[in-house]
Each structure stands twice: as C-alpha cells, then as structure tokens.
Amino acid sequence: MPTQLSASERRTLSHKLYSVHQKIFAGVSAEEFHQHVIEPPAETTSIQLYCAADQRVIGYCAVHRFRRQVHGRSAIVLRAEAGLEPGFRGRGATYGFGIVRALTEKLSHPFTPVYYLGTLVHTSSYHLFCKYFRRIFPHPDIKQPADIQEIARQLIESFSDPAVRPEDPFVRDVGWVTIETPQEKRLNEQLDPSDVQFFKRRNPGFTKGHGLVVLVPMTWVNLLGALLSRLYERARIASGLHKPDL
C-alpha cells in the first residue's frame, strides 16, 4: 500500500518497479511511471509484487480505486497496471490478484456498482479478459446492453488519456508499448482465437501504445464466474492437463 510508505520509500519502490517495467513496456518515462502506478489520483492503490526464488522482483500488479458518478449514482471504478518479466509469463499470474481485489471491493460495497475500466495495449490482456469474464465490453461474440457502451464512454472521458481519433472514444493514446515474448508474437499471428482478431481490428495501433477501452461490470455473476474459471484453470495446470497459451 504506497500510502503506508514514506515519500522516500515510495521513490525507492518506484525505481525498483520501473527497472522491471522497462523489460516489459517501452514508451514511459520513470516519472510518468511513478505518477501512473505509485501515486495516481486514486482513493486507494494496492500493489502486489512478484518475486523469483532469490527474492528479486520480477513483476507487479497495481490496482487503483476511483469514485465516479454513473447515471447520477456513485460507482467504484477499478483500474490496473500489471506486468511480468518475459521469462516468468505464461500462467496469468497477475489476474489472480486483480480478481481478489475486485471481490474485496464488491464485498465491502455490495450495493455500489463496481466496474473495471481498462485501456488494454496488447492482445494478450484482452484475450485473458475474454477468457475469464462472460460480460465484457466490447466482446467479439456477445452483444452487450446499449447502456454498457454509454457507461464506458462516460467513465473513460473522466480520465486523462486522450482519444487517438476524436470520433472514436474507445481507443486511447496510452503510450505503453508491450515488449512481446515469442508466445505473444505467436498468439498475434494465429487466425484464432476470435478475440485476438477482434482486438487487432478494433485497435490496430496497439503496437504504438494505443489502448482499447474495456469495461467489465463487477457483478456477482461476472466475478464468481471469473473466479471459478481461474480456479479450474489453475487446477488443470497443476495436474498437467492444461498448458496455457499465455
């Protein structure tokens, strides 16, 4: 919890994570990273550190909580940044922490709408969201209610990332460019899955740091479905019955 650290401790943490970040993303300065990940204008920020056996930090997942008004009602908006060094990717490790944080917020605020709002800069991130969550905007195969698109538009316009094109509010100039692993490159070259192809059509500039706006309503059904999908996947991986594509 960065707010529980002193200013010098936050800077030390920022330098440590930025050295990891540079192996995962390009296009972001050390100060931009600090303001975006360590000290954003959020109500709360929680950061999970991922360490190798020698305790060297090899990844992070930062989850931020914001308050916004949606259709005249107070709502909680979760945003996140995550990354693992290339040699440690492959099991969606950072998604477990994100789901736990979302469940915590929903349990703490059961009658308040909770949304995850992302500007996803790589096909792999979008692929995993589609794999775990049934209700997500936009989705290549499932038509969502019209109000979800309007909520996504209202929420993204309350944050600072500019639209790449004024006529399209759902692709934003984020500036984070993923340094791809061989597995991620192979995923991009495949004709399937359909969500990867949809992401590339909808956000062709992702290699330039453009992010596709993604909204996930954190309803009980959506959250529990994602949690069960994740637990089932972990059990199959542990038993050797499944090898994840990422």
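Across all their heavy atoms, A62 and V37 have their closest contact at CB-CG1, 3.8 Å. Residues P40 and I38 share a closest heavy-atom pair of CD-C, 3.3 Å. When all heavy atoms of F129 and L120 are compared, the pair lying nearest together is CD1-CD1, 3.8 Å. Closest approach of R68 and S158 over heavy atoms only: NE-OG, 2.8 Å. The two atoms that bring Q22 and I179 nearest to each other are O-CD1, 3.4 Å, heavy atoms only. Nearest approach of A102 to M218, heavy atoms of both residues: CB-SD, 4.0 Å.
If you chain together ILVMFWY residues whose side-chain heavy atoms come under 4.5 Å of each other, L117 ends up grouped with F66, V70, V77, Y115, F137, I148, I151, L155, I156, F159, F170, V213, L215.
Counting only residues at least two apart or on different chains, the side-chain hydrogen bond (donor to acceptor under 3.5 Å, both in side chains) pairs with a member in residues 201-223 are D168-R202.
Under the 4.5 Å side-chain criterion, counting only non-hydrogen atoms from C-beta, Y126 is in contact with I136. Residues S108 and T104 form a side-chain contact, since some pair of their non-hydrogen atoms from C-beta on lies under 4.5 Å apart. Contact check for V221 versus L223: no side-chain heavy atoms found under the 4.5 Å cut-off. The shortest side-chain heavy-atom distance between F198 and P138 falls under the 4.5 Å cut-off. Between H15 and H34 there is no side-chain heavy-atom pair separated by less than 4.5 Å.
Distance check, rounded to the nearest 0.5 Å: CD of Q69 to CZ of R73 gives 10.5 Å. Summarising the geometry, atom CG belonging to D141 is positioned 4.0 Å from atom OG belonging to S194; distances are rounded to the nearest 0.5 Å. Separating the CG atom in L212 from the OG1 atom in T123 is a distance of 11.5 Å, to the nearest 0.5 Å. In this structure, the separation between OG1 on T44 and CZ on R65 is 4.0 Å, given to the nearest 0.5 Å. Atom NZ of K16 sits about 7.5 Å away from atom CG of L49, to the nearest 0.5 Å. In this structure, I142 CD1 and H139 NE2 are separated by 4.0 Å, a value rounded to the nearest 0.5 Å.
Between the side chains of H64 and E43, not a single donor N or O lies within less than 3.5 Å of an accepting N or O. Using a 3.5 Å distance cut-off with no hydrogens or angles, the side chains of S6 and E9 do pair a donor with an acceptor. Residues T178 and H122 have side chains that never bring a donor and an acceptor to within less than 3.5 angstrom of each other.
In the hydrophobic cluster analysis, where Ile, Leu, Val, Met, Phe, Trp and Tyr join through side-chain heavy atoms closer than 4.5 angstrom, V57 is grouped together with V28. Under the 4.5 Å side-chain heavy-atom criterion for Ile, Leu, Val, Met, Phe, Trp and Tyr, L227 and Y132 are members of the same hydrophobic cluster. Note on M1 and L17: separate hydrophobic clusters, where clusters join Ile, Leu, Val, Met, Phe, Trp and Tyr whose side-chain heavy atoms are under 4.5 Å apart, directly or indirectly. F133 and L224 fall into different hydrophobic clusters, where Ile, Leu, Val, Met, Phe, Trp and Tyr side chains are chained together by heavy-atom contacts under 4.5 Å.
In this structure a side-chain-to-backbone donor-acceptor pair under 3.5 Å is missing from R101 to V63. No side-chain donor-acceptor contact under 3.5 Å links S14 to the backbone of R10.
Comment: E105 does not engage R67 in a salt bridge, judged by the lack of any side-chain N to carboxylate O separation of less than 4.0 angstrom.
Judged as a ring pair (Phe, Tyr, Trp, His ring centres under 6.0 Å), and not counting sequence neighbours, the contacts of H21 are Y18, F25, F33, W176.
Between Y50 and F97, the ring centre distance reaches or exceeds 6.0 Å.
Checking E32, E31, E39 one by one against Q35, the side chain to side chain donor-acceptor pair (under 3.5 Å) holds for a single residue, E31.
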(message) Checking V114 against L78 for the side chain to side chain contact (heavy atoms under 4.5 Å, CB included) test, could you report, in this order, the C-alpha distance in whole Å, the side-chain angles of both residues, the deciding distance, and whether it holds?
(response) CA-CA 7 Å; V114 179; L78 302 178; 4.1 Å; yes

